[in-house]
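We name chains A, B, ... by the order of the sequence lines, and we start the count at 1 in each one.
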Amino acid sequence: MDAPETDRNIKEKGTGGTGGAGSAAPSNFIRAIIAEDMRTGKYGGRLMTRFPPEPNGYLHIGHAKSVCLNFGLAGEFGGVCNFRFDDTNPSKEEVEYVEAIQEDVRWLGFDWSDRLYYASDYFGKLYEYAVELIKAGRAYVCDLTAEQIREYRGTLTAPGRESPYRTRSVEENLDLFERMRRGEFGDGSRVLRAKIDMASGNINLRDPVMYRIKKVHHHRTGDTWCMYPMYDYAHGISDSIEGVTHSLCTMEYEDHRPLYDWFLDVLDIYHPQQIEFARLKLSYTVLSKRKLLKLVNEGHVHGWNDPRMPTLAGMRRRGYTPEAIRNFSERIGVGKRESLVDLALLEYCVREDLNRRAPRVMAVLRPLKVVIDNYPHDQVEYLDAVNNPEDPSAGARKVPFCRELYLEQDDFMENPPKQFFRLTQGREVRLRYAYFIKCVDVVKDEKGTIIELHCTYDPATRGGDAPDGRKVKATLHWVSAPHAVSAEVRLYDTLFRKDDLDEVEEGKDFTEFLNPASLEALPSCRLEPCLGEAKPGARFQFERLGYFCVDTVDSAPGKPVFNRTVTLKDEWAKLRKAGRQ
RNA sequence: UGGGGCGUCGACAAGCGGUAAGUCAGCAGAUUUUGGAUCUGCCAUUCCCAGGUUCGAAUCCUGGCGCCCCAGCCA
């Protein structure tokens with residue numbers, strides 16, 4: 001195998017690692033194994049990993065962990081990572097997925113150069129190896145039905161029985177296998193099996209199926225084949241053909257490793273090593289393609305890219321950044337034990353990234369009309385506002401201010417608890433970048449709902465500072481009523497009300513724990529005028545509220561729809577919540 | 001006496017015989033024109049349990065206990 005060493009896997013700057021001295025990346029057992037193999041020259045100083053998704057669904061945050069691990073480690077040690085679709089089961093796989101998956105990995109920031117492969121590229125070679133195994137007396141065609149094979153397999157505690165077809169001659173097996181290939185037999189009528197050990201404690205070794213007949217059109221090979229190789233047979237050989245050195249997969253494949261090794265050993269071909277790590281579990285969501293598919297198919301969400309989905313497509317639409325996800329992948333570590341990662345860690349990672357880069361703007365989600373009684377009727381002032389206090393290079397902008405404004409309904413309380421230090425009657429607060437105002441009157445409708453506030457402002461506090469040095473306890477965001485842009489803003493909460501959805505009691509379905517309040521759409525929010533022309537995908541911090549991005553699907557020119565990516569940390573919300581309990 | 005894996009703070013996670021890193025969460029305080037950000041301090045005398053070896057054990061040994069995975073012609 002040749003070993004391209006100049007390819008770069010990482011488009012953007014990687015996260016560093018322990019490959020070099022003084023790096024900050026935490027160590028993990030896989031990095032340690034690779035470092036040791038590199039040190040001893042086990043593969044001639046070569047490192048090749050691979051990311052092998054099956055194109056039968058969209059990638060989710062759990063896959064991101066694997067992508068970051070495989071591409072990240074390769075980048076760190078000067079190796080490469082191949083992109084390979086594990087497309088051995090055409091009845092479940094679709095081109096829609098192969099395209100979406102590539103887009104997701106590219107978006108995450110990784111580049112596989114020209115190393116895009118498909119297990120189906122190797123169908124010919126796989127067939128030849130199968131013939132070789134038959135000739136060596138290590139594989140046979142079995143006529144048992146699926147049901148019979150299951151019966152003969154035995155149970156977890158009882159050994160299996162050998163198939164009556166196990167002793168067929170090499171000639172007969174060769175003939176039958178060739179005729180299987182030619183399509184002479186019906187689906188499910190025969191399979192090719194490896195001849196290993198029907199009494200093995202490891203059920204995977206009880207003469208596993210290598211090929212099954214499936215007269216199904218394949219998205220790449222068309223109708224060339226009417227039988228397809230099974231994962232266990234195809235995967236190790238694919239790794240071997242490509243010259244992979246470290247084949248990383250999740251823990252449930254640990255029992256398959258003896259089989260992975262068996263095929264390569266018996267065939268006596270290049271032998272990569274399989275290493276297993278624990279798959280990611282994230283609180284308040286599900287990470288299994290089966291469950292995600294169900295959410296999509298049953299309409300619990302609006303597609304794979306619904307912003308509430310833990311798919312990369314959903315998270316991207318929600319406003320997550322690749323940097324945040326890569327950082328999250330690094331922080332969670334890699335181990336062998338099952339663990340449930342706290343959603344709060346993911347949210348921390350997005351906030352950390354967005355805090356640095358998202359321009360700040362003001363947006364009022366639940367508008368409450370305010371009239372500044374002593375402000376001139378036809379006057380408009382343009383006040384200076386900082387775009388990002390974390391980034392001076394982001395500059396400043398002008399924000400219009402006039403007599404009629406909108407404030408957030410939550411920022412006014414008639415009978416506030418003592419911890420509430422926002423606006424109330426008689427109290428003075430600051431309007432960000434504008435003036436100190438004091439509430440002098442409250443207007444209600446016949447039902448007693450507050451519909452308007454009357455305030456006075458202090459002209460001497462322009463910009464937000466009082467020349468006499470007096471302080472206010474709160475600074476509120478606001479928007480000029482006549483200048484405001486109206487837009488829909490979608491607030492998201494966790495998709496589920498339960499943190500660990502594997503802990504669902506017998507007889508209950510995980511969908512029973514869906515959060516009915518996971519989406520709240522606010523149709524008429526009032527935004528600062530500059531937001532009218534925000535481009536789809538653009539991310540902002542709405543001051544005091546959270547990070548939002550322009551929806552790429554439902555926004556129209558001049559009529560943006562915003563998705564809340566994540567809230568800001570909120571002391572007041574915490575106090576309120578504690579007070580209720 | 002089926003096979004395999006795993007058990008370190010509320011959640012992740014270092015540690016590899018020399019006397020429990022770090023991060024998130026939480027709590028307290030400083031600071032603040034975002035109750036944001038930032039900064040400080042606190043948060044495992046103890047590593048599933050019980051024995052043993054050792055001057056010394058989360059790390060080694062023995063025996064328990066607990067959790068996860070495997071009986072697709074899925075991956």
Among B:C74, B:A71, B:G4, find the nucleotide with the atom closest to the side chain of A:Arg150.
B:A71

A:Ala344 side chain: which of B:A14, B:C24, B:G36 is closest?
B:C24

Any donor-acceptor pair, under 3.5 Å, between the side chain of [X] and the base of [N], if you only look at N and O atoms?
X        : N     : answer
A:Arg331 : B:U23 : no
A:Asp570 : B:G35 : no
A:Gln541 : B:U34 : yes

Test side chain to side chain contact (heavy atoms under 4.5 Å, CB included), reference A:Leu476, set A:Val364, A:Ile437, A:Leu407, output is A:Leu407

For the pair A:Arg220 and A:Asp121, find out whether any cationic side-chain nitrogen is under 4.0 Å from an anionic carboxylate oxygen.
yes

Using a cutoff of under 3.5 Å, can you pull out all pairs of nitrogen or oxygen atoms linking the protein to nucleotides 6-10 of chain B, with atom names and distances?
from, atom 1, to, atom 2, distance (Å)
B:U8, OP2, A:Arg337, NH1, 2.3
B:U8, O4, A:Arg337, NH2, 3.1

Where does B:G41 land, syn or anti, once you apply the within-90°-of-0 test for syn?
anti

Which pairs count as salt bridge (charged side-chain N to carboxylate O under 4.0 Å, His left out) when at least one residue sits in residues 383-398 of chain A, sequence neighbours excluded?
A:Asp384-A:Lys398, A:Arg397-A:Glu528

Could you tell me whether A:Tyr228 contacts a base, only the sugar-phosphate backbone, or nothing, with contacts defined as non-hydrogen atoms closer than 4.0 Å?
nothing

What nucleic acid atoms does A:Lys214 come within less than 4.0 Å of, heavy atoms only: base, sugar-phosphate, or nothing?
sugar-phosphate

Provide a list of protein-nucleic acid N or O atom pairs under 3.5 angstrom, restricted to nucleotides 40-42 of chain B.
none

At a heavy-atom distance below 4.0 Å, what parts of residues 83-98 of chain A sit against RNA chain B?
A:Asp86, A:Thr88, A:Asn89, A:Lys92

Between residues 350-358 of chain A and RNA chain B, which residues have a heavy-atom gap below 4.0 Å?
A:Asn355

Name every donor-acceptor pair, under 3.5 Å, that has one atom in a side chain of residues 150-159 of chain A and the other anywhere in the protein, sequence neighbours excluded.
from, atom 1, to, atom 2, distance (Å)
A:Thr155, OG1, A:Thr157, N, 3.3
A:Thr155, OG1, A:Ala158, N, 3.0

Respond yes when some side-chain nitrogen or oxygen of [X] is under 4.0 Å from OP1 or OP2 of [N], and no when none is.
X        : N     : value
A:Arg257 : B:G3  : no
A:Lys473 : B:U32 : no
A:Lys281 : B:C12 : no
A:Arg212 : B:C74 : yes

Between A:Thr311 (side chain) and A:Trp304 (backbone), is there a donor-acceptor pair under 3.5 Å?
yes

Is the A:Tyr233 ring parallel, tilted or perpendicular to the A:Tyr211 ring (thresholds 30°, 60°)?
tilted

Only pairs with both distances under 3.5 Å count, Watson-Crick or wobble alike; so what is the partner of B:A44 in this structure?
none

Looking at the rings of A:Phe85 and A:Tyr118, which for Trp means the six-membered one, are their centres under 6.0 Å apart?
yes

